[in-house]
Amino acid sequence: MSKGVDIICNDQAEGVAQLTISGNLTLRNATTVKQALIEAQDKYKHLSVLLSEVNALDVSVIQIIMAAKSSNPAIQWNITLSDDIQTLLVRAGLTL
């Protein structure tokens with residue numbers, strides 16, 4: 001995997017898609033993640049977002065995810081984080 005972020009949007013039916021985001025979810029890639037979420041929300045009526053194989057996660061992308069969750073509760077989220085990242089979030093009092 002590259003040191004960047006990998007984003008794949010798979011059409012599943014008309015108006016339905018799954019957006020898969022993986023890699024380094026850090027400040028360097030925050031704009032890319034934000035733009036992908038905005039474009040997918042605008043294009044698809046029903047959207048599910050899969051976060052998997054996350055190598056790094058920082059507050060910039062956490063804020064984007066939390067904002068997307070609160071602004072569009074219709075998005076289905078499937079977030080799979082490593083034990084280390086999950087432990088860090090719990091200790092910081094954050095839940096995604």
Side-chain angles (χ1 to χ4, degrees):
M1 181 172 289
S2 70
K3 293 188 178 199
V5 62
D6 295 315
I7 299 176
I8 301 168
C9 191
N10 292 319
D11 292 334
Q12 296 180 334
E14 186 168 330
V16 179
Q18 177 174 312
L19 184 67
T20 302
I21 304 172
S22 59
N24 292 325
L25 307 184
T26 58
L27 180 60
R28 170 172 275 176
N29 300 308
T31 302
T32 303
V33 171
K34 179 181 177 182
Q35 192 62 38
L37 283 167
I38 290 170
E39 288 175 8
Q41 287 181 82
D42 290 346
K43 184 175 181 180
Y44 299 100
K45 184 175 181 178
H46 301 286
L47 179 66
S48 65
V49 178
L50 171 63
L51 265 63
S52 66
E53 298 182 30
V54 175
N55 299 327
L57 179 66
D58 72 14
V59 70
S60 60
V61 177
I62 291 169
Q63 289 175 323
I64 291 167
I65 293 167
M66 293 175 83
K69 288 175 92 172
S70 67
S71 70
N72 190 346
I75 296 175
Q76 296 178 335
W77 292 86
N78 182 357
I79 301 174
T80 305
L81 301 172
S82 70
D83 290 340
D84 291 341
I85 293 174
Q86 188 64 42
T87 299
L88 183 63
L89 288 174
V90 169
R91 288 183 180 164
L94 299 170
T95 56
L96 293 181

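Numbers here simply count residues along the sequence, with the first being 1. The structure displayed is predicted, hence computed values, not measured ones.
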Donor-acceptor contact present, side-chain K34 to main-chain I64, <3.5 Å = no
remark   = Here the gap from I65 atom CD1 to I62 atom CD1, rounded to the nearest 0.5 Å, amounts to 7.0 Å
request  = Determine whether L51 and L57 make a side-chain contact, defined as any pair of heavy atoms from C-beta on separated by less than 4.5 Å.
outcome  = no
ask   = Are more than 12 heavy atoms from other residues, nucleotides or ligands located less than 6.0 Å from atom NZ of K43?
value = no
query = Going hydrophobic residue to hydrophobic residue with side-chain gaps under 4.5 angstrom, can you get from W77 over to I7?
reply = yes
ask   = Considering residues, nucleotides and ligands other than D42, do more than 12 of their heavy atoms fall under 6.0 Å from its CG?
value = yes
query = Roughly how far, to the nearest 0.5 Å, is the CD atom of Q63 from the CG atom of D58?
reply = 9.0 Å
inquiry  = Tell me the closest heavy-atom pair linking N55 and N24, and the distance in Å.
reply    = CB-OD1, 3.1 Å
inquiry  = With heavy-atom distances below 4.5 Å as the criterion, would you say the side chains of K69 and I75 are in contact?
reply    = no
ask   = Side chain of S60, backbone of L27: donor and acceptor closer than 3.5 Å?
value = yes
remark   = Tightest non-hydrogen contact, residues A36 and L19, listed as O-CD2, 4.0 Å
inquiry  = Between L81 and L94, is there shared hydrophobic-cluster membership here, with clusters defined by ILVMFWY side-chain heavy atoms closer than 4.5 Å?
reply    = yes
Same apolar cluster: L89 and L50, side chain cutoff 4.5 Å = no
task = Give a yes or no on whether M66 and L25 share a hydrophobic cluster (residues Ile, Leu, Val, Met, Phe, Trp, Tyr; joining criterion: side-chain heavy atoms under 4.5 Å apart).
result = yes
request  = Can you see which heavy atom on S71 is nearest to which on Q41, and at what distance?
outcome  = OG-OE1, 4.5 Å
task = Indicate if Y44 and I21 have the same hydrophobic cluster label, given that clusters are the connected sets of ILVMFWY residues with side-chain heavy-atom separations under 4.5 angstrom.
result = no
message = Among T26, V33, V5, exactly one meets side-chain contact (heavy atoms from CB on, under 4.5 Å) together with V61. Which residue is that?
response = V33
